[in-house]
There are 2 protein chains.
Amino acid sequence: MSSKAEEPRPYHHGDLRRGLVAAAERILEREGPNALSLRAVAREAGVSAAAPYHHFKDKDELLAAVAHQGFERLADAMAQASDSVENPYQRINALGVAYVCFARDNRALYHLMYDSSRRENFRAEPRKPDEGPGSVTRKALTTAVGEHADPLQLELRQVAGWCMTHGLAEMEASREFDDLKARLGGDKAFYGAVLAQLMPPGPK
Amino acid sequence: MSSKAEEPRPYHHGDLRRGLVAAAERILEREGPNALSLRAVAREAGVSAAAPYHHFKDKDELLAAVAHQGFERLADAMAQASDSVENPYQRINALGVAYVCFARDNRALYHLMYDSSRRENFRAEPRKPDEGPGSVTRKALTTAVGEHADPLQLELRQVAGWCMTHGLAEMEASREFDDLKARLGGDKAFYGAVLAQLMPPGPK
DNA sequence: CGTGCTATCTAAGCGCTGTACAGATTGGAC
DNA sequence: GTCCAATCTGTACAGCGCTTAGATAGCACG
């Protein structure tokens, strides 16, 4: 039937697994989370609606793969932010700002990531140990507060910072803060100022 | 047909709007968020699948009503926690702990509340002014830090606390903190210790 | 007491969804 | 060159959100 040169896609896709994840990301960005149906993803990838089931147990597992890739990109963004700042105190703050910026610039993906991570069977293994978002922050925090710190307090401080950053990322889109953002001179200044409440840009 | 005494529910329900919200909450608690379909809610309330559309524009509007009721219950819980503590510093901490406990004890409802509040047309008007969760915290915070505070810093501090509390509520369920919880002697102690990083139980 | 009016509810149906299953197609190992 | 296992298609099913047309009933007004 398709003897014409109309994109003679082979019966076997080649790397459909990756293709499906990419298709899902495209739909998410283009049409939002409500349009992200398994059938739509299959259509976008150019395969039948049943094809995904040979690569993913169910829809959730596909979404988990998308989320996983999102976490890798987030880790990259944070690593880059970390490298660009010398001062360990400022570095922690910059890590938080990078995190929130990622959430702002990838809203739908970010929500998907946290919806997926809530499911009990989700595993967010970083590619190499000490490379996930958690590890980067822990390292920076240890460097900043360093030797003379109670390890329990340090751990609590890290959890607190983690919570605050995640909370800020979730609420960032709220109109409620528009006024405050304007007064502080932009989104990033706002993020930094909020995070500075816990992670001041200098020795406490 | 139903001349027997088999629950002769009248053709007109009486207060179906409230009945549907209650039915939705029951399903949410009993079967989780995946089972919360509009049809299931209608079944639970004992009406046809189309009946809800005479009281809610669409499914989202029903869920928003459930969320709204959730926010009222949350505000109640926080008000109660606020009243039970005299010291204004400890009060802020107690408010946060109450918030996180609510999220822990009403996981599905809590997620629904924040999913709903993300939608642009959501309006979370408290029943009376100065009674929503935000107002209670603001009041407590003003009392605690009081007169001699830069109003901008106070606002930032409130936003930061709000973010940290919400973030903690979202991450509380993670197994990652089990160890820390155990070392601190329970969930509430853990919540308090984390929140204390920003809201210490005494003058800073 | 009857007669409408309007709000409320039902029944049927449309297009979509996630998922299961049997069979077609194919690349690679032997 | 043959066969196998992996991959993909076609078809089907039940359930979903939502629409429409019509049945029912409470209520105001004569």
Side-chain angles (χ1 to χ4, degrees), chain A residues 1-3 6-24 26-28 30-67 108 112 115-116 119 121-122, chain B residues 1-3 6-24 26-28 30-67 108 112 115-116 119 121-122:
Chain A
M1 216 185 277
S2 64
S3 49
E6 51 168 11
E7 188 81 47
R9 193 181 42 74
Y11 193 91
H12 283 54
H13 180 284
D15 192 356
L16 184 55
R17 187 172 219 279
R18 213 179 307 271
L20 287 168
V21 173
R26 255 176 282 141
I27 292 176
L28 195 60
R30 193 199 315 142
E31 308 173 54
N34 289 345
L36 192 62
S37 72
L38 196 59
R39 289 171 115 101
V41 173
R43 270 192 303 268
E44 174 81 17
V47 294
S48 79
Y53 286 91
H54 293 272
H55 301 271
F56 301 98
K57 181 173 131 286
D58 55 15
K59 187 187 179 184
D60 277 352
E61 204 171 280
L62 202 188
L63 297 189
V66 176
L112 184 94
D115 284 354
S116 286
R119 310 200 195 287
N121 42 5
F122 185 83
Chain B
M1 216 185 278
S2 63
S3 51
E6 50 167 13
E7 188 80 45
R9 195 184 42 74
Y11 192 90
H12 284 54
H13 179 283
D15 192 356
L16 185 53
R17 187 173 219 279
R18 213 180 307 270
L20 287 167
V21 172
R26 254 175 283 141
I27 291 176
L28 196 59
R30 194 201 315 142
E31 308 172 55
N34 288 346
L36 192 61
S37 72
L38 197 58
R39 288 170 119 103
V41 173
R43 271 193 301 270
E44 173 80 18
V47 295
S48 79
Y53 288 91
H54 292 272
H55 300 272
F56 301 98
K57 178 173 134 288
D58 55 15
K59 187 188 179 185
D60 278 352
E61 203 171 281
L62 202 186
L63 298 188
V66 176
L112 182 86
D115 283 353
S116 286
R119 311 200 193 287
N121 44 4
F122 186 82

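Numbers restart at 1 for each chain; the letters A, B, ... are given by sequence-line order, proteins then strands.
Taking atom CG on B:D15 and atom P on C:dT8, their separation rounds to 10 Å, with Å as the unit. Atom pair A:D60:CG and C:dT19:C1' shows a separation of 13 Å (rounding to whole Å applied). To the nearest angstrom, P of C:dT10 lies 13 Å from CG of B:L38. A:E61 has its CD atom 11 Å from the P atom of C:dT19, to the nearest Å. Atoms OH (B:Y53) and P (D:dT19) sit 7 Å apart, rounded to a whole Å. Atom CZ of A:F56 is separated from atom P of C:dG18 by 14 Å (rounded to the nearest Å). Distance B:N34 CG to C:dT19 C1': 15 Å, rounded to the nearest Å. Rounded to an integer number of Å, the gap from B:I27 CD1 to D:dC16 P is 10 Å.
One finds a side-chain N or O of B:S37 lying less than 4.0 angstrom from the OP1 or OP2 phosphate oxygen of D:dC16. OP1 and OP2 of C:dT17 both lie 4.0 Å or more from every side-chain N or O belonging to B:R39. Within the structure, a side-chain polar atom (N or O) of A:H55 is placed less than 4.0 Å from OP1 or OP2 of D:dC8. Taking side-chain N and O atoms only, B:R43 has no distance below 4.0 Å to OP1 or OP2 of D:dG15.
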task = Apply the test side-chain contact (heavy atoms from CB on, under 4.5 Å) to residues A:L36 and A:L112: give CA-CA distance (whole Å), side-chain angles for both, the deciding distance (0.1 Å), then the verdict.
result = CA-CA 11 Å; A:L36 192 62; A:L112 184 94; 4.3 Å; yes

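Going from atom CG of A:L38 over to atom CG of A:L20 covers 8.0 Å, rounded to the nearest 0.5 Å.
Residue contacts for A:R17: at a heavy-atom cut-off of 4.0 Å it reaches no nucleic acid atom on any strand shown.
Around atom CZ of B:R26, more than 12 heavy atoms belonging to other residues, nucleotides or ligands sit under 6.0 Å away.
Comparing D:dC8, C:dT19, D:dG17 by their nearest atom to the side chain of B:K59 picks out D:dG17.
With DNA chain D read from its 5' end, the first of the two nearest nucleotides for B:D58 and B:H54 is the one closest to B:D58.
In this structure, A:F56 and A:V21 approach most closely via the heavy-atom pair CZ-CG2, 4.1 Å.
With A:D58 contributing its side chain and A:E61 its backbone, the two residues share a donor-acceptor pair below 3.5 Å.
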